[in-house]
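Single-structure report; data block below.
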Amino acid sequence: MIRVAVFDFDGVVLESAEVKTQAFVKLFDGNEAAVAYHLEHAGVSRFVKFEHIHTKILGIPYTVEDEERLGELFAALVTNAVLACPFVPGALELLERRRLDSRLFVASGTPEAELREIVRARGLGGTFSGVYGTPATKAAIITGILAAEGVDARETIFVGDARTDLLGAREAGVPFVGRVADNEANPFAGDDVLTVRTMAELDQLWDSLATNPPRVP
């Protein structure tokens, strides 16, 4: 039985990953290296990425004022778009069905207070047993959930769409399912990872995963 399921948010629950990418394009005037760094580190705190882009790519100092300015600009660019974007196909149905038998959680790279407000505004407040974001890492979030719920890692799955999600699952020692949307590059290529295109596909596999869980990466 899958007792605990942990979901990334952007690109797993909502089709909001591209919203975040376009925000980086606008914030850094289309700088290709900055956007590439964001894509390579999807799921990492935006503030970690801001600092790296400033200091390592643009070669300029990064101050507290820069962090506050970029954070405010980024939130202004993405908040309304995230609230309006569609669910990943099948996500809402999966969450409504599976919350009856499993404890569902979110582990995201979005700042936690912002994430919880988005979850509430999208009508998912009663769906998840816990909603967690940065500054905690995904591995730390998952490890904390396992300890609090008193469940074994093999009774858990983590669903993500980025390589950082896979690495978080690996560090926490939990089975992993990757979401790769149609027409997108597979970030898990070369890894022995079960992937799905939609949450409807995951829903169809759910009961079989309970008896034959995906491998721990």
Side-chain angles (χ1 to χ4, degrees), residues 5-46 48-49 52-53 57 74-75 77-98 104 106-110 114-115 118-119 122-124 127 133-134 138 157-170 174-206 208-209 214-215 217:
V6 185
F7 298 85
D8 180 39
F9 200 72
D10 297 312
V12 172
V13 177
L14 294 183
E15 294 282 28
S16 46
E18 182 61 19
V19 169
K20 306 294 180 71
T21 298
Q22 290 306 311
F24 270 86
V25 171
K26 292 177 181 177
L27 279 184
F28 296 104
D29 296 323
N31 184 292
E32 291 184 3
V35 176
Y37 182 81
H38 157 68
L39 291 171
E40 289 166 8
H41 296 82
V44 173
S45 166
R46 67 189 61 160
V48 171
K49 289 186 275 193
H52 179 92
I53 291 168
I57 295 176
F74 190 91
L77 288 169
V78 305
T79 299
N80 288 338
V82 170
L83 292 177
C85 73
F87 284 95
V88 170
L92 192 57
E93 294 81 2
L94 178 147
L95 295 172
E96 285 298 311
R97 179 162 33 252
R98 301 305 173 180
L104 309 183
V106 173
S108 171
T110 300
E114 179 182 322
L115 176 67
I118 291 168
V119 167
R122 292 305 300 254
L124 299 172
T127 300
T134 55
K138 292 184 180 179
I157 62 169
F158 179 39
V159 186
D161 70 330
R163 187 157 185 80
T164 52
D165 297 326
L166 172 63
L167 296 177
R170 182 176 293 162
V174 301
F176 179 77
V177 177
R179 191 261 169 144
V180 182
D182 287 337
N183 303 316
E184 289 189 2
N186 182 358
F188 315 113
D191 292 291
D192 184 13
V193 170
L194 171 66
T195 62
V196 296
R197 294 169 299 147
T198 67
M199 291 303 102
E201 188 176 331
L202 176 60
D203 199 16
Q204 292 174 350
L205 295 172
W206 192 274
S208 65
L209 295 180
R215 67 181 295 274

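Each residue takes its place number in the sequence, starting with 1.
Side-chain contact annotation: Thr21 with His38, donor-acceptor N/O pair under 3.5 Å present.
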Would you mind writing out the side-chain donor-acceptor pairs for residues 184-192 within the sub-3.5 Å range, not counting sequence neighbours?
unit_1	atom_1	unit_2	atom_2	d
Asn186	OD1	Phe188	N	2.8
Asp191	OD2	Arg163	NH1	2.5
Asp191	OD2	Arg163	NH2	3.4

Hey, can you pull the donor-acceptor pairs under 3.5 Å for the side chains in residues 26-37, sequence neighbours left out?
unit_1	atom_1	unit_2	atom_2	d
Asn31	OD1	Ala33	N	3.1
Asn31	OD1	Ala34	N	2.9

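Taking the six-membered ring where the residue is Trp, Phe24 and Phe74 present perpendicular rings, their angle passing 60° and hence far from 30°.
Residues satisfying the side chain to side chain contact (heavy atoms under 4.5 Å, CB included) test with Glu96, not counting sequence neighbours, are Arg99, Thr127. The salt bridge (Lys or Arg N to Asp or Glu O under 4.0 Å) check on Lys49 picks up nothing, with sequence neighbours excluded. Not counting sequence neighbours, Glu40 has no partner by the salt bridge (Lys or Arg N to Asp or Glu O under 4.0 Å) test. For Asp161, the side-chain hydrogen bond (donor to acceptor under 3.5 Å, both in side chains) test picks out no residue, with sequence neighbours left out.
Two residues are said to be in side-chain contact when any heavy atoms from C-beta on lie closer than 4.5 Å; Val88 and Phe7 fail this criterion. Within the 4.5 Å cutoff, no side-chain heavy atoms of Trp206 are placed close to those of Val177. Side-chain atoms of Leu124 and Val13, non-hydrogen and from C-beta on, do get closer than 4.5 Å to each other. Within the 4.5 Å cutoff, the side chain of Gln204 has no heavy atoms near those of the Val196 side chain.
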Q | Residue pair Val78, Gln22: steps toward the side-chain contact (heavy atoms from CB on, under 4.5 Å) verdict | A | CA-CA 9 Å; Val78 305; Gln22 290 306 311; over 6 Å; no
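For Phe176 against Val159, the heavy-atom pair with the smallest separation is CE1-C, 4.4 Å. Heavy-atom minimum distance, Ala23 versus Leu77: O-CD1, 3.9 Å. The shortest non-hydrogen separation linking Pro89 to Glu15 is CD-OE2, 3.5 Å. For the pair Gly43 and Thr164, the tightest heavy-atom approach, listed with the atom from each and the gap, is CA-OG1, 3.7 Å. Closest approach of Ala42 and Ala162 over heavy atoms only: O-CB, 3.5 Å. The nearest pair of heavy atoms linking Leu14 to Cys85 is CB-SG, 3.9 Å.
Atom CZ of Arg98 sits about 10.0 Å away from atom CG of Leu104, to the nearest 0.5 Å. Within the model, atoms NZ of Lys20 and CG of Asp10 stand 3.5 Å from one another, a figure rounded to the nearest 0.5 Å. The CG atom of Leu167 sits 9.5 Å away from the NE2 atom of His41 when rounded to the nearest 0.5 Å. Rounding to the nearest 0.5 Å places CG of Leu92 at 10.5 Å from CZ of Arg97. Rounding to the nearest 0.5 Å gives a distance of 8.0 Å between CD of Glu201 and CG of Leu194. Taken from OG1 in Thr134 to CG in Leu115, the straight-line distance is 8.5 Å, to the nearest 0.5 Å.
A cation-pi contact, defined as under 6.0 Å to the ring centre and within 45° of the axis, links Arg122 to Phe87.
Arg179 places a side-chain N or O within donor-acceptor distance of the main-chain N or O of Arg197, the cut-off being under 3.5 Å.
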